[in-house]
Amino acid sequence: MTDQPRTPNVPAKPSLDGLEDKWVRVWEDAGTYRFDRSKSRAEVYSIDTPPPTVSGSLHVGHVFSYTHTDAVARYQRMRGRAVFYPMGWDDNGLPTERRVQNYFGVRCDPSLPYDPAFEPPAKPDPKRQVPVSRRNFIELCERLTEVDEKAFEEMWRRVGLSVDWNHLYTTIGDDSRAASQRAFLRNLARGEAYLSEAPTLWDVTFRTAVAQAELEDREHPGAFYKIRFHGDERPVYIETTRPELLPACVALVAHPDDERYRELFGTTVRTPLFDVEVPVLPHRLADPEKGTGIAMICTFGDVTDVVWWRELDLPTRAVLDWDGRLAAEPPAGVPAHPYDELAGKTVFSAKERVVELLRESGDLDGEPRKITRPVKFYEKGSKPLEIVTTRQWYIRNGGRDAAQRDRLLARGAELKWHPSYMRARYDNWVEGLNGDWLISRQRFFGVPIPVWYPLDEAGEPDHGAPIVPPESALPVDPSAETPPGYTEDQRGKAGGFTADPDVMDTWATSSLTPQIAGGWERDADLFGRVFPFDLRPQAHDIIRTWLFSTVVRADLEHGSLPWSDVALSGWILDPDRKKMSKSKGNVVTPIALLEEYGSDAVRYWAANGRPGTDTAFDTGQIKVGRRLAIKLLNASKFVLGFGEAAEDAAVTEPLDLAMLASLARVVEEATQGFDGYDYTRALERTERFFWEFCDDYLELVKSRAYGEGAEAQSARAALRTALSVLLRLFAPILPFVTEEVWSWWREGSVHLAEWPAAGELPSGGDPAVLAATAEALRQVRKAKSAAKASMRADVARAVVRGADGTRIVRDDLAAAGRIADLTLADGSGVLTVEVELA
């Protein structure tokens with residue numbers, strides 16, 4: 001580290017303009033933020049940086065949270081740690097696919113052959129998308145993400161992120177795919193990953209399975225339909241919001257203690273329209289207060305149907321296809337008519353027709369009762385989820401294993417949370433899990449499941465005997481490569497093989513960001529220096545997804561936490577107090593803000609958002625940040641303009657010692673703030689002192705600092721000492737302006753300078769001396785203002801009374817206030833000043 005003073009070279013007119021371009025180039029050329037991998041693990045501070053989704057543009061919410069991380073990284077670097085601060089791009093998965101579809105006007109059709117000469121339409125029409133092969137589609141994904149990634153990097157450099165760009169990764173790159181597939185194969189070998197055919201939450205628009213962590217409840221309009229089932233003794237009425245699922249009905253269920261239906265338990269009734277015999281059964285989850293107190297079980301209308309189906313060992317009558325339409329053929333045991341009137345219809349159209357048929361048959365009792373209720377959606381979807389039976393890959397996450405759940409809860413307790421109350425969200429999520437982690441997706445641009453299946457003599461795959469590649473062959477694409485011991489001409493043929501068609505959920509890759517960035521099984525030396533990481537910074541809303549899944553993977557693979565600390569950022573809210581998000585269309589892009597106000601000003605606004613706290617977007621606070629940066633330029637020029645103190649100059653004067661004693665307290669508080677990941681507290685305390693320093697101390701000391709002798713030397717030494725400390729305190733938040741001022745009079749970078757310590761400041765000062773003297777000066781100024789006189793007007797006489805008067809530095813106050821005759825009178829109580837203008 002370098003921190004040597006030299007003869008100042010201060011611009012005649014300091015300006016914020018152009019600082020970003022200037023210092024971004026200097027930092028890159030000098031390798032200022034390059035990770036020093038010669039350091040031991042104890043000397044390293046490693047950050048598991050969130051890889052932003054590359055699907056469009058960054059917005060101020062990204063700038064907000066990533067500034068928090070960067071402030072911590074800069075602080076730790078100044079504390080002498082070798083900071084491992086990589087950046088990644090999350091470029092696989094559904095968001096990228098959607099962007100490519102709309103941008104190029106194409107859609108993926110895996111049945112089509114690859115066209116090496118394909119070019120997307122010159123005028124894309126998202127409503128008339130051109131079908132392309134999977135390989136062509138992936139090439140378009142890679143083409144567009146490369147453009148987006150360059151724009152993202154330029155933006156992050158402009159914001160001033162001190163990442164080491166030599167450690168850039170992408171979640172679809174070779175290293176990431178190899179790490180994801182390696183972790184999966186080890187999960188499979190240990191029995192933690194498994195294949196299962198079961199009811200699955202399904203998004204009909206994207207035609208893919210959805211995991212529990214990707215669900216959200218939305219209020220959705222609907223209606224209750226009261227429908228008559230036919231019993232031997234009496235009719236039975238149920239109320240349902242899904243009459244279109246009548247052909248999928250496999251039973252009726254009521255609570256075991258419900259007297260209204262107890263006599264029906266063990267008997268059967270017949271479904272309306274289809275005349276299928278179904279049993280009436282008891283189950284504790286049936287709600288006697290809901291509807292008529294008895295419900296129909298369909299395969300499957302909702303997650304409760306799945307529970308009843310599983311626990312009551314009921315048959316399956318599936319009627320929904322992957323596209324959300326009713327299947328062409330009725331399930332076994334259901335008559336072809338009237339099912340043929342429903343085949344191929346959407347659930348909406350099928351519902352309308354079933355209701356019409358029920359009215360005609362007399363089995364609809366009264367009119368539908370309209371309601372609005374919470375319905376489960378895929379977080380990126382626009383239609384309610386359905387439940388279809390599919391074969392999917394899962395990783396055990398404690399949802400079905402109490403011992404594993406308890407172990408993951410213990411991991412949460414072991415982790416240090418900032419703020420601490422966020423741990424409750426983790427605990428609540430783990431305790432509420434009702435199934436294992438579904439990781440397979442029926443999409444295209446993602447990490448392939450690295451598995452093939454042998455085909456029997458009938459050409460049917462044996463899913464119980466998956467073929468896996470050796471780890472040395474990773475990454476692999478089973479749809480384009482052959483398994484060990486087979487040739488390409490055996491693909492899809494009896495006695496040959498077939499590839500698993502699915503890709504991994506994007507979280508199955510993102511859950512391995514510490515391993516990917518840290519070089520797991522790729523760079524053992526690097527991994528040993530950075531893992532487990534020190535910090536995971538992220539938003540609080542993805543505790544259930546990214547944070548939890550990363551804990552799961554590290555626990556399974558390494559038997560440890562992936563990091564020691566987690567720092568949560570809040571959301572950015574729009575003027576209506578709603579979360580900013582690209583999907584809602586209420587985001588603000590940062591480039592115009594950065595150009596108008598400067599990066600330091602935007603970072604200042606971001607750093608005022610406390611950890612875990614949602615923060616309103618506020619250009620007013622950005623303007624305050626710009627004024628602070630400008631003031632730092634001008635005040636620094638003023639301080640350096642007094643001339644250098646002698647090399648052996650000592651700080652001896654009471655006012656100077658008082659100021660530095662106050663600054664020592666600020667250093668201690670700012671250090672405590674950063675150590676506790678409370679960058680906001682550090683900024684607030686530093687900023688408050690800085691304005692008092694400019695308004696009070698500079699005014700009080702400037703006459704003496706321009707003079708000669710030991711008193712002037714003391715002032716100059718104190719001023720430069722304070723400036724050095726203030727620049728270092730502000731550096732993590734305002735990197736550009738602090739680097740600019742530092743370069744005027746110091747060697748090296750402020751960002752590689754040592755973080756200030758209270759012990760480097762002279763002792764023996766009394767902060768109350770500065771406070772009392774400053775208060776007296778304020779009252780003198782107030783008197784001049786009341787008399788509508790210039791602040792440079794002379795004061796013939798001033799009398800200071802009050803207990804604090806004994807602390808006032810007479811000569812500095814007299815000079816600053818232009819007081820000819822200053823009396824410090826005895827007194828008690830609040831300090832007051834009587835002023836008589838000349």
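- Relative ring orientation between Phe137 and Phe444 is described as perpendicular, the plane-to-plane angle rising above 60° on a 0-90° scale split at 30° and 60°.
- The salt bridge (charged side-chain N to carboxylate O under 4.0 Å, His left out) pairs that include a residue from residues 270-295 are Arg270-Asp275, Arg284-Glu311, where partners are two or more places apart or lie in different chains.
- Within the structure, salt bridge (charged side-chain N to carboxylate O under 4.0 Å, His left out) pairs that include any residue of residues 227-252 comprise Arg228-Asp363, Arg234-Glu263, Glu239-Arg369, Arg242-Glu244, Arg242-Glu386 (at least two apart or interchain).
- Counting only residues at least two apart or on different chains, the salt bridge (charged side-chain N to carboxylate O under 4.0 Å, His left out) pairs with a member in residues 321-347 are Glu341-Arg353.
- Evaluation of the ring-ring contact (aromatic ring centres under 6.0 Å, His included) test over residues 195-228, restricted to residues two or more places apart or in two chains, returns Trp202-Trp322, His220-Phe377.
- Looking at residues two or more places apart in sequence or on another chain, you find a ring-ring contact (aromatic ring centres under 6.0 Å, His included) between His463 and Tyr453.
- Listed by chain and residue number, nothing satisfies the ring-ring contact (aromatic ring centres under 6.0 Å, His included) test with Phe104 (two or more places apart in sequence, or in another chain).
- Between Thr171 and Thr509, the side chains place no donor N or O within less than 3.5 Å of an acceptor N or O (distance only, hydrogens not considered).
- With sequence neighbours excluded, the residues satisfying ring-ring contact (aromatic ring centres under 6.0 Å, His included) with Trp393 are Phe184.
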Contacts under 3.5 angstrom, residues 293-303 side chains, donor-acceptor by atom type, not counting sequence neighbours:
residue: Thr299; atom: OG1; partner: Arg317; partner atom: N; Å: 2.8
residue: Thr299; atom: OG1; partner: Arg317; partner atom: O; Å: 2.9
residue: Asp302; atom: OD1; partner: Thr304; partner atom: N; Å: 3.1
residue: Asp302; atom: OD1; partner: Asp305; partner atom: N; Å: 2.9

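- Checking Asn92 against Thr506 by side-chain atom types alone, a donor-acceptor pair falls below 3.5 Å.
- Judged as a ring-ring contact (aromatic ring centres under 6.0 Å, His included), and not counting sequence neighbours, His255 has no contacts.
- Judged by distance alone, the side chain of Trp571 and the main-chain N or O of Asp614 form no donor-acceptor pair under 3.5 Å.
- Between the side chains of Arg553 and Asn187, a donor-acceptor pair is found at a separation under 3.5 Å.
- In terms of the salt bridge (Lys or Arg N to Asp or Glu O under 4.0 Å) criterion, residue partners of Lys226 (sequence neighbours excluded) are, by chain and number, Asp365.
- Identified under the salt bridge (charged side-chain N to carboxylate O under 4.0 Å, His left out) test for residues 194-212, with sequence neighbours left out: Glu197-Arg391.
- Each ring-ring contact (aromatic ring centres under 6.0 Å, His included) pair with one or both residues in residues 328-365, not counting sequence neighbours, would appear here, but there are none.
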